[in-house]
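What follows is a single structure, written as structure tokens, with notes after it.
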Amino acid sequence: MVSPPHEAMHCIFQHDPGLFSRVSRFLGVDIPAPVKATALPTDLTEANPVERRVDTLLRLETADQGSYLLAVEAQGKKHPDKPASWAYYTAYLWTKYRLPTALLVVCQDHATATWAQQPVSCGPPQLPTLTVQPLVAGPHNMPVITDPEEARADLVLASLAAITHAAEPDVDAILKALSTALRDAPEDVAKPLVEFTAQGLAKRPAKNLWRNLVAVDLSFYKSYLAEEVRDEVRAAVRDEVRDEVRDEVRDEVRDEVRDEVRDEVRDEVRDEVRGEVRDEARAESRAEDILLILEQRGLGISEDVRSRITHCTDPELLRHWLARAVTVPKAEEVFEDA
């Protein structure tokens, strides 16, 4: 996934194509200011299925030196495959447009910048054939603009300075100067630079400072930062509301489950009670049969015998007593061998 800093480091040159000329003096070269600039397609794919895209591609026209192409690459870290890709880009663009091609790599840390600016040749040492040596803009050579007047003189350059120094200790002073300089700039000038700078800072600590500076110094309610703040607040509020709704839904679900369980338990209890009542009725009937047999045989039935028989709920025991009631000589003997 392409990161916001990656986009900011090259898209700012699309926003102001003349920036390259102004940056070039810090890179040790003298590039004339363009009189015309055209954004070209960034797709460098050939007929084969390998997709290749440069980050930003501009055609710049100068008054005295004619036209040339500027390919801008944002590089966040060292990558061993990149020099070969850069060689392909420049060779392909030179072949396709037949124009001199410049390659600018924008970095945000010293290690990546040092790596990117080393010349890389595609041939053996004695036959370099094609050597790639891009211009590199990074914290090692971009200006540290801490004076609001200097920032006001070139707002886009000041924004690029903040982006390339995003991880440097000087970034706070750069951001303060830039926010002060943007205070009097027209909205159509200030707004994109506020957003470029915010994207370039990404999640670094300086991002919070920039957001606070912009909130105080500028009207940014429709900007990238405002939307970000709204998203953060919305996320926090959403968590709070989610907890509240969760409790409400939990209560609702508990009531629903309670009703469901009540119905299930009612059916279970009904079956259990039906069985218990059936056993009780069977026991009462069998006890009555025992007493009836004893009475029909003319045997005396004491209260103890009657009570023991009528209070017994064991069907098997009552069945045993019923069988004995037919033959025992005394009612008390019905319980023997039980």
Side-chain angles (χ1 to χ4, degrees), residues 2-3 5-14 17-34 36-142 160 163-164:
V2 177
S3 65
H6 180 278
E7 293 297 278
M9 284 191 285
H10 71 87
C11 288
I12 195 169
F13 289 89
Q14 298 177 24
L19 176 63
F20 178 57
S21 174
R22 306 197 298 279
V23 165
S24 67
R25 62 190 175 94
F26 300 102
L27 310 182
V29 294
D30 184 14
I31 304 295
K36 182 180 179 182
T38 305
L40 300 177
T42 60
D43 190 345
L44 309 185
T45 307
E46 296 185 79
N48 60 58
V50 178
E51 181 178 343
R52 302 178 187 271
R53 292 181 184 274
V54 68
D55 289 334
T56 285
L57 180 60
L58 301 172
R59 174 174 177 155
L60 303 177
E61 299 178 18
T62 65
D64 300 326
Q65 298 182 14
S67 301
Y68 68 97
L69 300 180
L70 173 64
V72 183
E73 281 281 281
Q75 193 66 29
K77 61 182 179 180
K78 301 177 185 179
H79 196 299
D81 295 336
K82 270 299 181 178
S85 296
W86 295 337
Y88 171 86
Y89 295 164
T90 53
Y92 177 89
L93 292 171
W94 186 24
T95 301
K96 180 177 181 179
Y97 292 99
R98 290 294 192 271
L99 289 173
T101 301
L103 174 63
L104 174 66
V105 178
V106 184
C107 306
Q108 290 183 296
D109 66 274
H110 292 275
T112 303
T114 300
W115 164 81
Q117 65 186 3
Q118 298 301 313
V120 178
S121 297
C122 68
Q126 66 274 28
L127 294 173
T129 308
L130 176 64
T131 300
V132 179
Q133 186 171 11
L135 292 171
V136 177
H140 65 298
N141 57 11
M142 286 294 93
L160 180 64
I163 292 170
T164 52

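This one's a predicted model, so the numbers in the text were calculated from it and none came from an experiment. All heavy atoms count here, side chains included; hydrogens, waters and symmetry mates do not.
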Exercise. Would you call the rings of Y88 and Y92 parallel, tilted or perpendicular if under 30° counts as parallel and over 60° as perpendicular?
Worked result: parallel
Exercise. Angle class for the F20/Y68 ring planes (parallel below 30°, perpendicular above 60°, tilted otherwise)?
Worked result: tilted
Problem set entry | Verdict with supporting geometry, Q14 and T56, side-chain hydrogen bond (donor to acceptor under 3.5 Å, both in side chains) | CA-CA 7 Å; Q14 298 177 24; T56 285; 2.6 Å; yes
Checking [X] side chain against [Y] main chain: does a donor-acceptor pair fall under 3.5 Å?
X: S21; Y: I31; value: yes
X: Q118; Y: T114; value: yes
X: T101; Y: L99; value: yes
X: D55; Y: A74; value: yes

Problem set entry | Contact list for residues 73-89, test salt bridge (Lys or Arg N to Asp or Glu O under 4.0 Å), sequence neighbours left out | E73-K82
Exercise. Taking it one step at a time, do F13 and L160 satisfy side-chain contact (heavy atoms from CB on, under 4.5 Å)?
Worked result: CA-CA 9 Å; F13 289 89; L160 180 64; 3.9 Å; yes
Exercise. Which heavy atom in T131 sits nearest to a heavy atom in P119, and how many Å separate them?
Worked result: CG2-CB, 3.9 Å
Exercise. Do you know which two heavy atoms are closest between V105 and Q75, and how far apart they sit?
Worked result: CG1-CB, 3.7 Å
Exercise. Within a strict 4.5 Å, meaning less than it, do heavy atoms of the C107 and V136 side chains meet?
Worked result: yes
